[in-house]
2 protein chains.
Amino acid sequence: MLTKQELEEFSAEANLLYLDHISIDCVVFGFHEGQMKVLMLKSKNEAGWQLPGGFVKKEEPIDVAATRILATRTGIDEIFLKQFHVFGDADRNRQHNEMYNKVVAPEKNFFSHRFISIGYYALVDFIDVNPTPDAFSELCTWRDLDDLPPFLLDHEQIFKTALDTLRLQLNYQPIGYNLMPKEFTMPELQKLYETILGTKLDRRNFQRRMLGFGILNKLEATRKGGAHKAPYLYSFDLDNYQAALKEGLKSGW
Amino acid sequence: MLTKQELEEFSAEANLLYLDHISIDCVVFGFHEGQMKVLMLKSKNEAGWQLPGGFVKKEEPIDVAATRILATRTGIDEIFLKQFHVFGDADRNRQHNEMYNKVVAPEKNFFSHRFISIGYYALVDFIDVNPTPDAFSELCTWRDLDDLPPFLLDHEQIFKTALDTLRLQLNYQPIGYNLMPKEFTMPELQKLYETILGTKLDRRNFQRRMLGFGILNKLEATRKGGAHKAPYLYSFDLDNYQAALKEGLKSGW
DNA sequence: CCAAAAGTGTTCAGCTTACACCCATGA
DNA sequence: TCATGGGTGTAAGCTGAACACTTTTGG
């Protein structure tokens, strides 16, 4: 449990360092052993979990702030990030305040201010991440998408909005480069799409479609060790992938 | 030109009334006589035009703030609004500051603070709008999309991002209800799509596709007065339109 | 050699695309 | 009556969905 003194010290520093009223919350998606995962923090002070977040320094661009925040939580410096929504209800941190105001006088507590939060989602390669808790959390760890803990504040809404956004993006942007390891098999990539979408896809149609995008390189090697026919390995063709990111996969009109 | 005193008075009030560091900028699209238009304000103090914008009151949800800001600029209370991006570079209001700091001491000037701006776009029926300038503008008026004036600050980027977003939305959401009058002809609706997209579309395919969405009611009447065959009038089927807004027009996966 | 996973191929329906044709209207 | 815009129709081609067959692997 955080002490009153620790909170007051943090608040004094935060007032000097950060822009008031603006926060950033991040939904970090990872994928490992056929499971989609989110990075979450278990609060020291409250019974519940939060998304990794932080504040914006007085002279810092918001994208830089988001990158910095996630670098300290994951150890990754270059991270794929996208802002997706702003959460600006007047009482989104009421739950927080009721708890904090018992410990620290509101005027000495940075957290009791109203914050408008910019939501970012991140896609990372699971194995690159070194989950590191912040001063207000006792634990930072991956949580399976189908086994999520109770969220604090409006973080469940933030998470759900991020997932909805990711599902939409899937339709007109390539996804996978940031979530998959360097080399992977087609069934593994399919599993990623299936867990994001929450549906089963046809193996053969998926393969044709993916290859049709022209963003994959088929490698010589196969993944041995499975109990059955060894699938081919693929890697992303980074040039074509980047191009597809910009132009989109298919227009519509 | 605004006086020093006016600025100081506004700043003193703004500090009490508004959240610091957060602003809202709106891209209001309208459509009239085959032309796509944006609502813009001509600055009193600088040579250039701005998008309508404002600040968030201390206890006000951001969506309410955006609605309030646009209500005072347009006279419309119920306005179709969507947040689309946050603009948070550290120096986005540098241009502003250099000008303002000559007039008012920075510590007495709300505008010289750093602002992170939440971008909203709005779709409105042209004829409902009563353009009303704010205290810092000498003029509020529609500007044609293909005849835009020089923008102040980063408002050109905000505008372009809004237009890009609108073009994307077109692919999976119905657009038109908020931009068209109650009754309209198919060629008129097509003109809207063409100006948003910046391309020509096939008359017959457009009609089939639009009707295929099931969001239009064909009316008995026709639009007389044109020099040629009178086109049928249509109205939007609001129920189906709303449903399409939620579910999207076509998935993809 | 067999079960299960993976690679490859084919068919069919529905949609998009690109046109042709006819009708109504005011000049 | 004729030029023009608007309504309706249709054939060709592409794409996604559904499904069959073959190949490879470890047990």
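Since we're looking at a predicted model, the values are computed, not measured. Throughout, a chain's letter reflects where its sequence line sits, starting with A, and its residues are numbered from 1.
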Task: Nearest-0.5 Å distance that lies between atom CD in B/Q50 and atom CG in B/L152 - done: 5.0 Å

Open item on the list: Please encode protein proximity along nucleotides 19-25 of chain D as a string of B, S and -, counting only heavy-atom distances under 4.0 Å.
Closed with: BB--BBB

Task: Nearest-angstrom distance from the residue atom CD of B/Q190 to C1' of D/dG6 - done: 11 Å

TODO: Please state whether the rings of B/F236 and B/Y241 are parallel, tilted or perpendicular, taking 30° and 60° as the class boundaries.
DONE: perpendicular

Open item on the list: Can you tell me if B/Q207 touches the phosphate of D/dG7, counting only side-chain N or O atoms and a distance under 4.0 Å to OP1 or OP2?
Closed with: yes

TODO: Measure the distance from CE on B/M210 to P on C/dT16 and round it to the nearest whole Å.
DONE: 12 Å

- [ ] Name all residues meeting the side-chain contact (heavy atoms from CB on, under 4.5 Å) criterion together with B/T72; count only those two or more places apart in sequence or in a different chain, and write none if there are none.
- [x] none

Task: Rounded distance in Å - CG (B/L216) to P (D/dG7) - done: 12 Å

TODO: Nearest whole angstrom, please: distance from the P of C/dG14 to the CZ of B/R209.
DONE: 18 Å

Open item on the list: Any side-chain N or O of A/K218 below 4.0 angstrom from OP1/OP2 of C/dT8?
Closed with: yes

Task: Cation-aromatic face contact A/K218/A/Y234, 6.0 Å, 45 degrees - done: no

Task: Value in whole Å for how far the C1' atom of D/dT15 lies from CG of A/L211 - done: 16 Å

Open item on the list: Assess whether a salt bridge exists between A/D63 and A/R68, defined as any Lys/Arg side-chain N lying under 4.0 Å from an Asp/Glu carboxylate O.
Closed with: no

